[in-house]
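Heavy atoms only: backbone and side chains are in, while hydrogens, waters and symmetry mates are out. We name chains A, B, ... by the order of the sequence lines, and we start the count at 1 in each one.
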There are 2 protein chains.
Amino acid sequence: MQKKSSYKPTQSDVAALAGVSQTTVSLVLNDEDIASIPPETRKKVLDAIETLGYVPNSAARILRTNRTFALACIIPDITNPFYPTFVNGIQDEAEQNGYEVIIYNTHGLAEKEAKVLKTIQEGRVDGMIGVFFHAKAQDFLPLLTRQIPVVRLEVRQHQSGSWPLDSIFIDNVKAAHAATSYLISEGHKQIALITGWDGPARARREGYLQALESATEPYTPWIQDISIFNEEGGYAGMQAILKEGQVPSAVFAGNDLLAIGAMQAIKAAGLRIPQDVAVVGFDDIQVARLISPSLTTIRQAQDEIGKRAAALMIERLQREDHFDGRVIEMPFELIIRESA
Amino acid sequence: MQKKSSYKPTQSDVAALAGVSQTTVSLVLNDEDIASIPPETRKKVLDAIETLGYVPNSAARILRTNRTFALACIIPDITNPFYPTFVNGIQDEAEQNGYEVIIYNTHGLAEKEAKVLKTIQEGRVDGMIGVFFHAKAQDFLPLLTRQIPVVRLEVRQHQSGSWPLDSIFIDNVKAAHAATSYLISEGHKQIALITGWDGPARARREGYLQALESATEPYTPWIQDISIFNEEGGYAGMQAILKEGQVPSAVFAGNDLLAIGAMQAIKAAGLRIPQDVAVVGFDDIQVARLISPSLTTIRQAQDEIGKRAAALMIERLQREDHFDGRVIEMPFELIIRESA
DNA sequence: CTGAAAGCGCTTACAG
DNA sequence: CTGAAAGCGCTTACAG
């Protein structure tokens, strides 16, 4: 290892150049009222910092203070536009408060979720905001006992507890119920659902089933399972449905990406949307209103949810006292466009 | 600060429980052939780790080893689908090699780019892969002198040097030239360009202008400047063009998001695509082939680019010797669909 | 095979 | 107002 003076200067290097002690350099850097540094001393130090291009070493600072000023943001799929918007909201709020955001992409996989949880125990962040498809409440315990607060985005109401674990949710059962009921009210008789079992899929499935059950006329559930939650999955799912010979008059897709894929399959089969098959999605991602026909869907305010989640986290990190977990419900809205 | 034994156990806690020294715990954890720990000792230690739920402290490890096993990934806009796909490629390659990826979102702003560059000097990562709209070569020097390698995604060929700075580029001038030439070859007489000045916009603008100049017939450039590089910007840009009274026979948009916005504006004006106005985009994001009409565009293999960028970085981090910067060109492809 | 010790670069009581 | 010193939790020569 070479020891050029220009290479990664430390506070000691700055101190030597400024002719003060390393302690003084640190004091200037953290200019709290712990000490009152006279302007001349301060200037000497600042000049030396400038000359050497000194930048504090984050590992040393974190080790010493036990504060990272970083937040982890865990999402299942960065290529699903829903999440980048959510992340954006988190980042906006976090940055305004001096926190940086570290994004982890789990691909919705149980093993990756577990790995991320482990990594975070290593003390890389002060708190974690996340969407988990598999992790259970107890999987968060190691973080919580380490005083790393968690804000979780959920798909239905869960009980709060005394841990520093807040949750923010949209009632996906109710939302899926609303979407399905809308199709029923529009006179559709065969309403298919394209979805899987991971993450929000289960709650949306429930909502769909409940809506069919509570209809005045009898409905037969028609569910097409898929395993990839994007356009590709939607396309394949819709193809499978059409292969059965019968054509449903409406399709409710587990998310907008699935809906977009399903629409492609419908068009490819020479059918019209919504005349032959109506389509409803879930999420209201950016492109939902831009495709043709524009997509009827459930809007969740991703950006707002992200902001709110970050605000919950930051409040917890800034307050001294401990307080019970909070549960916040966010609204959804059925956006009716051309596809249904 | 409390001192419960269950709270954030350290190697010393593990050592005490296992009845060995803290050094031995560390040795077991890093099981290199530095030392040969007999199975019984190893087991005692591993059991203690299990019992206490010990996880190493990353700050301490980083401070000591000067290795973070993290890569920074800097992108201008996480909500532009181009980038998540790029990030995905980076993450895949990085994770396979034991690196985690920290994503920074600059919003294409000069100040945020500068801030990120500063943050990275703090030693949070071993290397940086990024897309910068404003930062100049010299802005990377502080990283390079600190031995933090950089891989930069660029829009045209730049010279390599002796710094640990690799670049990977797609010739955006040539690509824009190809897109514009295609429109010319299709017989379009008035070809408008919707774009701005940041990032890749400048190179694409050049390609457009060069193509018009090299055409056999004379063409008048028709450029609509916008400042937001998404659907909204494209919509506004197209509206501005249509307000001029004349309707161009084709529009080349600076990226797919702009193209999608422009298509909406064209439809809103009651015009048909491509009969009245043809549209070409740039990037080939996921939805390009899913919208109606599907979008003719320039494909860049985002995923592949990300993988390649990460591979360049990792090779540099793993090799002992220093070697000159490399410049890699990646191909583009004109994808002809329905919109033009 | 195992442990004592130095030291990574900081912050923060504590003296003076 | 300023500095010497302890210590955050690790890794890694070095002894034995």
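The interatomic distance linking A:Ile62 (CD1) with C:dC8 (C1') rounds to 14 Å, in whole Å. One atom, CD of B:Gln22, and another, C1' of C:dT2, lie 12 Å apart when rounded to the nearest Å. The interatomic distance linking B:Arg67 (CZ) with D:dT12 (C1') rounds to 16 Å, in whole Å. Between A:Gln121 atom CD and D:dG9 atom C1' there is a gap of 16 Å when expressed in whole angstrom units. Atom CG in A:Asn57 sits about 6 Å away from atom C1' in C:dG9, given to the nearest Å. Rounded to whole Å, atom P of C:dT2 lies 8 Å from atom CD of B:Glu40. Per the geometry, CG belonging to B:Leu63 stands 14 Å off P belonging to C:dG7, to the nearest Å. Here the P atom of nucleotide C:dA4 and the CG atom of B:Leu27 are 13 Å apart, to the nearest Å.
With sequence neighbours excluded, no residue forms a ring-ring contact (aromatic ring centres under 6.0 Å, His included) with B:Tyr54. By the salt bridge (charged side-chain N to carboxylate O under 4.0 Å, His left out) test, A:Asp77 is found to be paired with no residue, residues two or more places apart in sequence or in another chain being considered.
Closest to the side chain of B:Ser26, out of C:dT12, D:dT12, D:dT2, is D:dT12. Of the candidates D:dG9, D:dG3, C:dT2, D:dG3 carries the atom nearest the A:Ser21 side chain, counting heavy atoms from C-beta on. When the nucleotides C:dT2, D:dG9, D:dT2 are ranked by their closest atom to the side chain of B:Thr24, C:dT2 comes out on top.
Toward the 5′ end of DNA chain C lies the nearest nucleotide of B:Pro38, the other residue of the pair A:Arg61 and B:Pro38 mapping further downstream.
Using cut-offs of 30° and 60° for the angle between ring planes, the A:Phe69 and A:Tyr99 rings count as tilted.
At a threshold of 4.0 angstrom between heavy atoms, the contacts of A:Thr41 are confined to the sugar-phosphate backbone, with no base atom among them.
Secondary-structure stems of DNA chain D, taken as three or more successive Watson-Crick or G-U wobble pairs (i with j, i+1 with j-1) under a 3.5 Å distance threshold, comprise C:1-3 with D:14-16, C:5-12 with D:5-12, C:14-16 with D:1-3.
Taking side-chain N and O atoms only, B:Thr23 has no distance below 4.0 Å to OP1 or OP2 of C:dG3. Between A:Thr10 and the phosphate of C:dG9, there is no side-chain N or O to OP1/OP2 separation shorter than 4.0 Å.
Under the 4.0 Å criterion applied to side-chain N and carboxylate O atoms, A:Glu304 and A:Arg308 are not assigned as salt-bridge partners. Electrostatic pairing of B:Glu122 and A:Arg61 does not count as a salt bridge here, judged by no charged N lying under 4.0 Å from a carboxylate O.
At a cut-off of 3.5 Å, with distance as the only test, no side-chain donor of A:Thr85 or A:Asp303 sits close to an acceptor on the other residue. Residues A:Thr24 and A:Ser21 have side chains that bring a donor and an acceptor to within less than 3.5 angstrom of each other.
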